[in-house]
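Quick notes on the structure that follows.
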Amino acid sequence: MHDLSNKPWSQSRKILFRLVFAYVFLYCFAFPLYFFPYGSTLIHPIGSQLQNLAIWLGQHLFGIVEEIPTAETGSGDTLIYWLLWATKTILALIVTVVWSTLDRKRASYQFLQRVLITYVRYFVALIIFSYGMAKVIPTQFSEPSYTQLMKTYGESSPMNLLWTLMGYSTPYQIFGGIMEVLAAVLLLFRRTVLLGALVMMTVMANVVAMNFAFDVPVKLASSHYLLFSIGLAWIFRRNLIALFFLQKPSQPISLKPIFLQKRAFIVTQIFKTVFLGYFFYSAVSNNLNYQKRIKDGALASPLSGVYHVQLKPMANDSLDYEKASTSIKRLIFDNYRPERLTVAFEDDSKIRYLAEYDEEKQLIKAVLPSDSTNRMELTYRFDEEGRLYLKGTYKEDSLALELNRIEIDSLLLVKKKFQWISPVPFNR
């Protein structure tokens with residue numbers, strides 16, 4: 001068994017190492033500080049300056065004339081994120097040049113190499129463990145919501161189609177999560193880094209392919225997780241070539257800890273145990289709590305369900321329930337996002353409103369986010385047979401509706417279950 005070479009490095013290898021080291025630490029900036037209390041507060045000033053520099057480069061280097069949005073939207077592929085990536089890449093090149101100029105005589109970077117390998121291992125492992133646990137305890141992809149079940153394929157975005165697929169197939173979601181958790185755990189131990197890197201490469205290749213194929217806006221981040229996994233496997237390239245292509249034995253590589261002194265090693269192991277224990281507990285408990293909230297209906301609106309309009313008011317604006325024509329055909333109160341109220345019309349068009357509820361007054365207030373004048377304020381009640389009655393104003397006109405709940409369990413996607421014996425392919 002041998003460890004990574006202690007021989008003097010070539011000039012090209014030293015320059016490449018400086019570039020990789022600078023790039024990794026700049027790209028992963030703030031990790032793992034944001035896992036600690038007040039960590040985000042400490043790094044915020046630096047992050048703000050990096051963002052300002054990215055905006056300046058976008059305007060002066062890349063010629064962007066329009067305003068560059070910086071608000072968080074849930075997307076990891078916004079313009080500011082790409083500009084931050086470009087900024088960090090440029091900074092890494094500058095650091096490499098300065099570092100290479102000032103530190104030309106150093107023979108190698110054994111200590112920093114151990115730091116870099118350990119840092120990358122933990123960066124990929126902890127992030128992917130979080131993603132994996134959100135699949136093992138299925139919370140990342142919820143079962144198709146009422147809003148989703150009432151949409152057509154043509155109304156779905158590519159990402160929404162993928163989310164529906166993953167949410168519907170809970171066993172597949174859990175399987176994917178198990179593979180992510182397995183790869184992450186293997187990366188946390190030096191003896192299993194190679195196996196962890198190979199499993200992680202396989203898992204992340206599939207994730208990256210789905211992100212690009214379905215336009216999921218975490219392409220930048222997921223590509224880096226894959227790239228870093230390949231980098232970890234690259235350490236063992238000679239072993240892999242000997243095994244898979246030359247069919248020859250090779251000396252195993254021993255990855256050393258960052259600190260070789262016994263006392264420092266013990267301290268780091270204690271810190272590792274405490275930190276990982278806290279991290280694992282937080283990841284598991286947070287997902288379990290979120291799953292419980294979903295099952296308990298805490299995320300659903302008091303009217304959660306899909307309702308079809310049966311009786312509507314006459315066109316003379318009376319609030320008597322009579323058979324008449326109105327453009328509203330269906331109301332969808334989402335079961336996972338209580339603020340989502342979708343109104344479906346007779347021409348099959350849909351409008352999604354932002355809703356809030358006062359259960360004590362049995363009152364709904366909803367507004368179209370893009371048009372504050374398009375709003376509704378309705379009281380609601382149920383009769384003994386479960387019919388829903390709404391009265392109030394919609395777009396400043398009086399509105400009164402009687403609605404019947406649609407039984408979601410009657411939908412094919414909901415009622416069709418797994419079966420071992422299938423007489424014919426059931427592909428509708």
Side-chain angles (χ1 to χ4, degrees), residues 1-4 21 24-25 27-43 109-140 174 176-204 221 224-226 228-236 252-292:
M1 179 180 293
H2 67 279
D3 50 25
L4 297 177
F21 188 93
V24 166
F25 276 86
Y27 178 80
C28 305
F29 166 74
F31 175 86
L33 293 178
Y34 45 69
F35 287 124
F36 297 98
Y38 307 107
S40 298
T41 303
L42 292 174
I43 61 179
Y109 294 98
Q110 296 295 333
F111 174 74
L112 291 183
Q113 180 178 246
R114 298 196 299 272
V115 171
L116 177 62
I117 292 173
T118 303
Y119 187 78
V120 171
R121 284 168 48 209
Y122 278 79
F123 176 77
V124 176
L126 297 187
I127 290 177
I128 300 304
F129 182 90
S130 298
Y131 276 110
M133 194 51 63
K135 297 181 181 72
V136 173
I137 304 170
T139 53
Q140 182 179 2
I174 293 174
I178 290 173
M179 296 306 298
E180 290 179 355
V181 169
L182 173 63
V185 172
L186 289 171
L187 284 180
L188 294 175
F189 301 94
R190 286 176 284 116
R191 290 181 180 273
T192 55
V193 167
L194 174 56
L195 180 58
L198 294 177
V199 176
M200 188 66 76
M201 283 170 54
T202 306
V203 170
M204 289 312 302
H224 277 81
Y225 306 148
L226 175 59
F228 291 167
S229 302
I230 294 173
L232 291 172
W234 181 256
I235 299 169
F236 305 89
I253 291 178
S254 173
L255 295 181
K256 290 185 176 181
I258 294 179
F259 301 104
L260 303 180
Q261 299 86 351
K262 185 176 180 179
R263 181 177 296 179
F265 173 74
I266 293 174
V267 171
T268 55
Q269 290 302 105
I270 293 173
F271 175 79
K272 170 184 175 179
T273 303
V274 173
F275 173 71
L276 291 181
Y278 166 77
F279 177 82
F280 292 159
Y281 171 79
S282 298
V284 173
S285 62
N286 289 341
N287 282 288
L288 285 174
N289 291 336
Y290 184 70
Q291 184 185 52
K292 186 176 185 300

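Remember, it's a predicted structure, so these values are computed and weren't measured experimentally.
The two residues Pro257 and Arg190 come nearest to each other via the heavy atoms CD-NH1, 3.6 Å. Of all the heavy atoms in Leu232 and Ala197, the pair that sits closest is CB-CB, 3.9 Å. Across Ala125 and Ala184, no two heavy atoms sit closer than the pair O-CB, 3.2 Å. What you find for Met200 and Ser229 is that their closest heavy atoms are CG-OG, 2.9 Å. Ser282 and Ser285 get closest at one heavy-atom pair: O-OG, 3.3 Å.
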**Message:** Between Leu116 and Phe25, is the side-chain contact (heavy atoms from CB on, under 4.5 Å) condition met? List the steps.
**Reply:** CA-CA 8 Å; Leu116 177 62; Phe25 276 86; 4.1 Å; yes
**Request:** Take Tyr109 and Phe21, measure what side-chain contact (heavy atoms from CB on, under 4.5 Å) needs, and give me the verdict at the end.
**Result:** CA-CA 11 Å; Tyr109 294 98; Phe21 188 93; over 6 Å; no
**Request:** Check the pair Phe228 / Cys28 against side-chain contact (heavy atoms from CB on, under 4.5 Å), numbers first and verdict last.
**Result:** CA-CA 11 Å; Phe228 291 167; Cys28 305; 3.7 Å; yes
**Message:** One pair to check against side-chain contact (heavy atoms from CB on, under 4.5 Å): Ile235 and Leu255. What are the steps and the verdict?
**Reply:** CA-CA 10 Å; Ile235 299 169; Leu255 295 181; 4.2 Å; yes
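Considering CD1 of Ile258 and CD of Gln113, their distance stands at 12.0 Å, rounded to 0.5 Å. The distance from atom OG1 of Thr41 to atom OH of Tyr34, rounded to the nearest 0.5 Å, is 15.5 Å. Taken to the nearest 0.5 Å, the CG atom of Leu195 stands 9.0 Å off from the CG atom of Leu187. Separation of atoms CZ (Arg263) and OG1 (Thr268) is listed at 13.0 Å; rounding is to 0.5 Å. Atoms CG and CD1, from Leu182 and Ile178 in turn, are 9.0 Å apart once rounded to the nearest 0.5 Å. Here the NZ atom belonging to Lys256 is positioned 8.0 Å from the CD atom belonging to Gln110, to the nearest 0.5 angstrom.
Using a 4.5 Å heavy-atom threshold, the side chains of Val267 and Phe271 count as separate. Inter-residue side-chain proximity for Met204 and Val124 is flagged as unmet; no heavy-atom pair is nearer than 4.5 Å. Between Ile43 and Phe29, the closest side-chain pair of non-hydrogen atoms falls below 4.5 Å.
A side-chain donor-acceptor contact under 3.5 Å links Tyr119 to the backbone of Phe31. Formation of a donor-acceptor pair under 3.5 Å by the Thr192 side chain with backbone atoms of Leu188 is not found in this model.
Applying the side chain to side chain contact (heavy atoms under 4.5 Å, CB included) test between Met133 and each of Asn286, Asn287, Ile128, Thr139 identifies Asn287 as the sole match.
Annotation for Phe275: atom CZ counts as buried by contact number, over 12 foreign heavy atoms lying within 6.0 Å.
Note on residues 269-281: pairs passing side-chain hydrogen bond (donor to acceptor under 3.5 Å, both in side chains), not counting sequence neighbours, are Tyr122-Lys272.
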